[in-house]
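Just below is one structure, and these are the notes that go with it.
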2 protein chains.
Amino acid sequence: MNKNHKFSIGEFSEKTGISIPTLHYYDEIGILRPEKNPSSGHRIYNYQDIITLQKILSLKFLGYSLDKIANLLYESSFTVDLNESLSLHLQALDKEKEQIEQSIKSIKRVIKLVKEEGEVDSALLFSLIHGMRTEYIEEEWMESHMLTEVVEELTKKPEEDKIALDKTFIHLSKEVKQLYGKSVDDPKVQGMIKTYLEASFSFLGEDLIQKLADTNIEELDIQELENMAPSPFTEDEQNWLNQAMEFYMKQEELE
Amino acid sequence: MNKNHKFSIGEFSEKTGISIPTLHYYDEIGILRPEKNPSSGHRIYNYQDIITLQKILSLKFLGYSLDKIANLLYESSFTVDLNESLSLHLQALDKEKEQIEQSIKSIKRVIKLVKEEGEVDSALLFSLIHGMRTEYIEEEWMESHMLTEVVEELTKKPEEDKIALDKTFIHLSKEVKQLYGKSVDDPKVQGMIKTYLEASFSFLGEDLIQKLADTNIEELDIQELENMAPSPFTEDEQNWLNQAMEFYMKQEELE
DNA sequence: CCTTGAACCTCTAGCTACTTGAGGTTTTAT
DNA sequence: ATAAAACCTCAAGTAGCTAGAGGTTCAAGG
């Protein structure tokens with residue numbers, strides 16, 4: 001009967017796929033304590049130890065820490081208590097999953113951009129990644145400013161549209177680097193600004209823009225958000241771009 | 001101009017939401033080294049440090065270790081190299097996500113069972129969880145035995161069906177505990193076995209059973225798999241159940 | 001100018017679930 | 001008898017922090 005079979009730690013490790021140091025560790029922390037040969041100190045595992053180890057692995061699989069497993073191991077039946085703790089774990093896992101999904105989406109976006117655009121300036125890339133990373137945070141911020149609808153609209157946008165906007169931003173950034181120094185009323189400069197703003201507006205859609213414009217956002221908050229965002233432009237480039245934009249806006253108003 | 005603004009570590013921490021000990025740590029490992037007041041040793045953060053921190057957070061968001069971030073931080077442009085490493089990360093994240101999804105599914109199944117069945121014997125529960133945990137592993141094992149189709153069929157089964165089978169198993173286990181000791185040809189015992197086998201067969205479907213029956217699986221492997229699985233039954237119960245099942249099979253053959 | 005309290009400093013230890021390695025003993029095979 | 005393989009214990013290292021002890025510096029009020 002192999003139920004009475006005894007295993008050395010090496011055999012046991014082989015059979016269960018758990019490394020020897022890990023078994024030592026489980027022994028040390030007291031969740032799996034095999035018999036010991038009293039003279040040599042060698043560990044002797046038996047059939048019951050296999051079952052205990054399986055319990056440990058099962059509880060680990062459910063997300064329990066070894067600490068908690070130690071307590072759970074010797075309870076003979078599970079009740080509502082377990083259910084509660086399982087629900088908690090479930091929530092935690094859901095959150096983890098969401099985060100991972102966010103990261104996956106972002107990485108895919110970055111990969112696509114780098115592939116299609118070739119070499120990308122790192123400052124620029126960081127600013128894009130920053131944008132993705134803070135999408136979720138900004139959602140919260142926007143919601144706190146009662147822009148729930150805006151948030152919903154934005155998250156609904158398909159990934160391709162977001163990538164398209166990213167690309168526009170890449171091109172803008174490249175053009176800024178090229179055109180910087182020219183007069184702000186230069187047709188090329190104004191053309192660039194027109195292209196960029198139109199792309200942004202078409203991404204957002206008219207009603208969203210209206211809603212955003214209607215909202216009274218305090219200076220301070222904007223300031224803070226901008227402080228936190230890495231810009232792909234130098235300070236001088238940023239100033240120049242702002243001036244060019246102001247000029248563009250004034251021209252628009254005149255028409 | 002707030003671009004020249006200097007921050008104490010407290011202000012900086014406040015502004016960025018990163019704790020002071022973490023900032024100390026980032027300083028220590030060299031990924032964010034602010035200026036220091038030479039007399040007092042107090043850290044002085046500036047605008048550039050905000051940007052560096054944002055880069056760090058962005059790369060962390062993409063899943064990089066601080067170790068790798070240290071190397072990436074000072075590259076001025078990202079090329080195909082980055083793309084490769086991003087793809088690797090993507091794979092890793094995908095795996096993580098899969099695992100989490102597996103756990104989530106299992107936990108949901110356990111929660112449902114515990115809710116609907118009330119208190120559940122822990123040996124039984126462990127054996128169910130073990131089943132879920134090894135679903136994936138067994139898939140590999142089955143695939144190595146050229147049962148790819150079987151695997152595909154099984155993973156396609158909806159969660160509800162799996163739960164239903166789990167429930168049948170729970171009831172079987174309860175009935176075994178009750179009926180144990182009766183003669184194996186007792187109608188109640190045979191009825192129990194019939195119910196259980198029929199449920200299993202209807203879950204698997206005829207063609208799957210045929211495929212499984214056709215497959216020549218070596219004794220050893222089966223033995224090993226069974227050794228690894230915790231059973232909700234005592235050894236005696238298991239033997240009794242096996243006899244009852246043999247009896248049932250013989251009766252079936254006679255018909 | 002002195003004092004008080006907040007903010008800061010460094011340094012050490014602790015966390016999880018292990019892995020790695022040193023240095024020594026026991027078992028197994030020849 | 002001896003060599004190699006397997007085992008032992010104990011200490012230290014891993015990532016990315018957090019917590020705490022014990023001491024210094026800064027800002028504001030009296």
Side-chain angles (χ1 to χ4, degrees), chain A residues 6-46 49 52-53 55-73 89 92-93 96 99-100 103, chain B residues 6-46 49 52-53 55-73 89 92-93 96 99-100 103:
Chain A
K6 311 267 176 156
F7 307 92
S8 73
I9 195 169
E11 293 163 346
F12 192 78
S13 163
E14 186 90 356
K15 215 171 186 57
T16 60
I18 303 303
S19 77
I20 291 176
T22 300
L23 292 172
H24 280 164
Y25 179 64
Y26 285 176
D27 188 357
E28 192 191 325
I29 64 171
I31 60 177
L32 184 60
R33 295 223 141 124
E35 219 183 307
K36 274 190 175 185
N37 179 327
S39 66
S40 73
H42 286 197
R43 292 171 178 80
I44 307 161
Y45 290 86
N46 60 26
D49 292 323
T52 304
L53 181 60
K55 285 189 190 178
I56 292 168
L57 297 178
S58 289
L59 289 168
K60 245 175 53 120
F61 172 73
L62 292 183
Y64 284 91
S65 68
L66 297 187
D67 197 38
K68 287 184 186 160
I69 289 176
N71 298 323
L72 283 172
L73 263 186
H89 273 301
L93 286 178
E96 250 181 85
Q99 265 216 7
I100 288 183
S103 297
Chain B
K6 311 268 177 154
F7 307 92
S8 72
I9 196 170
E11 293 163 346
F12 193 78
S13 164
E14 187 90 354
K15 219 173 181 56
T16 60
I18 304 303
S19 76
I20 291 175
T22 300
L23 291 172
H24 280 163
Y25 180 65
Y26 286 176
D27 188 357
E28 193 189 324
I29 64 171
I31 60 177
L32 184 60
R33 296 223 139 122
E35 220 183 307
K36 273 190 176 186
N37 180 324
S39 66
S40 73
H42 285 195
R43 292 171 178 80
I44 307 161
Y45 290 86
N46 61 27
D49 292 323
T52 303
L53 181 59
K55 284 189 191 180
I56 292 168
L57 297 179
S58 289
L59 289 168
K60 243 174 54 122
F61 172 73
L62 293 184
Y64 284 93
S65 66
L66 297 187
D67 197 39
K68 285 185 187 158
I69 289 176
N71 298 323
L72 282 171
L73 264 185
H89 272 299
L93 286 178
E96 248 181 85
Q99 265 214 8
I100 289 183
S103 298

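The analysis underlying the following values was restricted to heavy atoms, covering all of them including side chains, and did not include hydrogens, waters or symmetry mates. In what follows, chains carry the letters A, B, and so on, assigned in the order in which the sequence lines appear, proteins first and then strands, with residues in each chain numbered from 1. These figures come from a predicted structure and were not determined experimentally.
- A 4.5 Å side-chain heavy-atom check between I69(B) and L72(B) finds every atom pair outside the cut-off.
- In this structure, the CZ atom of F12(B) is 18 Å from the P atom of dA7(C), given to the nearest Å.
- Between K6(B) atom NZ and dC8(C) atom P there is a gap of 17 Å when expressed in whole angstrom units.
- Atom CD of Q99(B) sits in a sparse spot, with 12 or fewer heavy atoms from other residues, nucleotides or ligands closer than 6.0 Å.
- Taking side-chain N and O atoms only, R43(A) has a distance below 4.0 Å to OP1 or OP2 of dC8(D).
- Note on ring orientation: taking the six-membered ring where Trp is involved, the planes of F12(B) and Y45(B) are parallel (angle under 30°, cut-offs 30° and 60°).
- As rounded to whole Å, 14 Å separates atom P of dC17(D) from atom CG of D27(B).
- Distance E11(B) CD to dA7(C) C1': 11 Å, rounded to the nearest Å.
- Residue K36(B) places no side-chain N or O under 4.0 Å from the OP1 or OP2 atom of dT25(D).
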Which atom pairs link the protein and nucleotides 21-28 of chain C when you take only N or O atoms and keep those under 3.5 Å?
none

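- As a whole-Å value, the separation of E28(A) CD from dC8(D) C1' is 13 Å.
- Residues L57(B) and I18(B) meet the side-chain proximity criterion, which asks for heavy atoms closer than 4.5 Å.
- Within a 6.0 Å radius of CD in E14(A), no more than 12 heavy atoms belonging to other residues, nucleotides or ligands are found.
- For the pair I44(A) CD1 and dC7(D) C1', the computed distance is 12 Å after rounding to whole Å.
- Within 4.0 Å of I9(A), counting heavy atoms only, lie sugar-phosphate atoms of the nucleic acid but no base atom.
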Can you check each nucleotide of nucleotides 14-20 of chain C against protein heavy atoms at under 4.0 Å and return B for base, S for sugar-phosphate only, - for none, in 5' to 3' order?
---BBBB
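- For T52(A) against I31(A), the heavy-atom pair with the smallest separation is CG2-O, 3.8 Å.
- The side chain of S8(A) places an N or O atom within less than 4.0 Å of a non-bridging phosphate oxygen (OP1 or OP2) of dC7(D).
- Spacing between atom CD1 of I29(B) and atom P of dC17(D) amounts to 8 Å, rounded to whole angstrom units.
- In this structure, I56(B) CD1 and L66(B) CG are separated by 8.0 Å, a value rounded to the nearest 0.5 Å.
- What separates NE2 of H24(A) from C1' of dT9(D) is a distance of 9 Å, to the nearest Å.
- Between D49(A) and F7(A) there is no side-chain heavy-atom pair separated by less than 4.5 Å.
- Here salt bridge (charged side-chain N to carboxylate O under 4.0 Å, His left out) pairs that include residues 27-42 of chain B, with residues two or more places apart or in two chains, are K6(B)-E35(B), D27(B)-R33(B), D27(B)-R43(B).
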